[in-house]
Asker: 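What follows is a structure written as structure tokens; I'll ask about it next.
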2 protein chains.
Amino acid sequence: MKKTVGVSPKVNSDLTAKARIRNAAFALYANYGEDATSMRAIAEAAGVTVGLVVHHFRTKDGLREAIEQHIVDLFFGAIEQAPLEGTTPEIAAARDEAVADMLSDNPAVVGYLRRALLDPMGHRGRILEMLTDLTAKQVATLRNVGVASKAQRDSSQVIGVMIRQLGQLFLQPMVDSMWNQLAGPNAAEDDKPLLVVKVQES
Amino acid sequence: MKKTVGVSPKVNSDLTAKARIRNAAFALYANYGEDATSMRAIAEAAGVTVGLVVHHFRTKDGLREAIEQHIVDLFFGAIEQAPLEGTTPEIAAARDEAVADMLSDNPAVVGYLRRALLDPMGHRGRILEMLTDLTAKQVATLRNVGVASKAQRDSSQVIGVMIRQLGQLFLQPMVDSMWNQLAGPNAAEDDKPLLVVKVQES
DNA sequence: ATCAACACTATACGAATGTATAGCATAATA
DNA sequence: TATTATGCTATACATTCGTATAGTGTTGAT
């Protein structure tokens, strides 16, 4: 395997064709959805032919698996690099911020997850399970080091983390769209109402 | 394996074929999305042939327009029948409840709107604009009768109404899915964390 | 230098899609 | 009763889809 230690993953031209294909498909899926994205559109966006897409990923299912694994890697990388020092809320805040930074660096993640998670039952992939598992393992790890608050049940805390980090991102487009229609495009951004999404113990 | 989604055949049996087709398409779109639903699947679910679908709605776009108009009618009908008596918060509560009842009677509305509203950019229909308009007009009407609270700006209140009524419905499946995976299918439902979605003045 | 593995293109095929058209039966209208 | 409109079926067509296959050039190990 050819290594791609170009250290600049943003520059697409330095990437292997396989990575370029995955990135192109990722962006298209995030913007238009998997159903509305053809293999030919992916190939064209990546600057290759359809045959090469099939060669590297075999099927469209394989392509989605690669994309979803990539998303999990991004989450893992973000959480991993958050520092483990300070008080419990400080640690939680640091982890939340690391993930928030990753999401803002990779907008396709938000778009893809919004589409995948709004359809939790019928979705063909397993990205929600994978991310829930990842978050649960992280919470468990923190607990074992004695960091996390033990006041909440495990499940509640995991759900809280996911919803806090993703819920707002999913609903915000709806708020923005309505705000644009109601207040006009040149209204003061400061007046836009603030969206609050959280979960609380029942 | 032929599975009927959403619509009970009893209610369906004395409807016109045109209404049956719209209802079938509505339920399928809500469950699987428009892209994943073929005209032939709609025809089969409605017990007719493809030709009749085309005969009544011309194109797939026409079918979506009919569905979205039907949704607006359902909202309008629900709001219209809410009583205009009592204190301001009582009126607001009555309207919220009327809409909540309608949504619980028509689960396809929730499913359809979840898909349409979480995908505000790529969506081909105009259902978000239509519903925002409808809600805005309702708020204006109440204001003219001197009912609504004037503390909030118009836009904020409209967005608040929409988000309160729909936001939770959209995110709840994600919470449920995670709760199932983390706590198991036979965990006490009472322990499931509560989802909170709201907007506040900035 | 040879040979095998790999990256990649080109073309083709069957299935499924949205839509168009022609025809049939029944009910309304004259 | 004759005619016209309407609800509906059946079939066909062009396009697009995912995927399979065969082939070309290039790289890397022996």
Side-chain angles (χ1 to χ4, degrees), chain A residues 1-6 11-68 112 115-116 122-125, chain B residues 1-3 5 7 9 12-29 31-68 70 112 115 122-125:
Chain A
M1 174 193 289
K2 185 151 121 197
K3 54 195 225 141
T4 71
V5 192
V11 179
N12 246 6
S13 56
D14 287 356
L15 296 178
T16 65
K18 184 170 181 177
R20 283 206 327 273
I21 293 170
R22 169 175 43 67
N23 287 352
F26 190 14
L28 287 170
Y29 284 13
N31 274 302
Y32 307 110
E34 179 180 331
D35 283 349
T37 303
S38 68
M39 308 243 96
R40 286 163 177 82
I42 295 169
E44 190 185 8
V48 300
T49 60
V50 216
L52 193 60
V53 180
V54 176
H55 173 70
H56 279 304
F57 299 95
R58 280 195 46 82
T59 68
K60 221 180 174 186
D61 279 1
L63 193 42
R64 184 185 48 238
E65 279 170 31
I67 289 173
E68 302 203 335
Y112 186 94
R115 291 176 181 279
H123 191 59
R124 299 172 279 285
Chain B
M1 148 189 68
K2 186 163 98 180
K3 208 169 72 169
V5 289
V7 203
N12 250 4
S13 55
D14 38 354
L15 293 179
T16 65
K18 183 169 182 180
R20 282 204 330 272
I21 292 171
R22 167 172 49 65
N23 286 353
F26 190 14
L28 287 170
Y29 284 13
N31 275 297
Y32 307 112
E34 180 179 329
D35 283 350
T37 303
S38 69
M39 308 243 98
R40 284 161 179 84
I42 295 170
E44 190 186 9
V48 300
T49 60
V50 218
L52 193 59
V53 180
V54 175
H55 174 69
H56 279 305
F57 300 95
R58 281 194 47 84
T59 67
K60 222 180 174 187
D61 280 1
L63 193 41
R64 184 185 48 238
E65 279 169 32
I67 290 173
E68 302 203 334
H70 181 58
Y112 187 95
R115 292 177 182 281
H123 191 58
R124 301 178 270 295

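Just so we're on the same page: letters track the sequence lines, and every chain starts at 1.
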Asker: Whole Å only: how far is the CD atom of A:E44 from the P atom of C:dT9?
Answerer: 13 Å
Asker: Measure the distance from NE2 on A:H55 to P on C:dA5 and round it to the nearest whole Å.
Answerer: 13 Å
Asker: Between A:R22 (side chain only) and A:L63 (backbone N and O only), is there a donor and an acceptor less than 3.5 Å apart?
Answerer: no
Asker: Rounded at 0.5 Å granularity, tell me how far CG in B:L28 sits from CG in B:N23.
Answerer: 11.0 Å
Asker: For the pair B:R64 (side chain) and B:T59 (backbone), establish whether a donor and an acceptor sit closer than 3.5 Å, ignoring hydrogens and angles.
Answerer: no
Asker: Check the pair A:K18 / A:F57 against side-chain contact (heavy atoms from CB on, under 4.5 Å), numbers first and verdict last.
Answerer: CA-CA 8 Å; A:K18 184 170 181 177; A:F57 299 95; 3.7 Å; yes
Asker: In whole angstrom, give the distance that lies between atom CZ of B:R20 and atom C1' of D:dG7.
Answerer: 12 Å
Asker: Atom OH in B:Y29, atom OG1 in B:T37: separation rounded to 0.5 Å?
Answerer: 6.5 Å
Asker: Examine distances only and state if a side-chain atom of A:R20 and a backbone atom of A:A45 form a donor-acceptor pair shorter than 3.5 Å.
Answerer: no
Asker: Atom pairs under 3.5 Å, N or O on each side, protein against nucleotides 25-28 of chain C: can you list them with distances?
Answerer:
none

Asker: Between C:dA7 atom C1' and A:I21 atom CD1, what is the distance in whole Å?
Answerer: 10 Å
Asker: Given D:dC8, is OP1 or OP2 found less than 4.0 Å from the side-chain N or O atoms of B:H56?
Answerer: yes
Asker: Return a single string for nucleotides 17-23 of chain C, one symbol per nucleotide in 5' to 3' order, where B is base contact, S is sugar-phosphate-only contact and - is none, cutoff 4.0 angstrom on heavy atoms.
Answerer: BBB----
Asker: For the CG atom of B:D61 and the CZ atom of B:R124, what is their distance to the nearest 0.5 Å?
Answerer: 8.0 Å
Asker: What is the distance, to the nearest angstrom, from the CG atom on B:L15 to the P atom on D:dG7?
Answerer: 15 Å
Asker: Is it true that the side chains of A:E68 and A:Y112 contain a donor and an acceptor less than 3.5 Å apart?
Answerer: yes
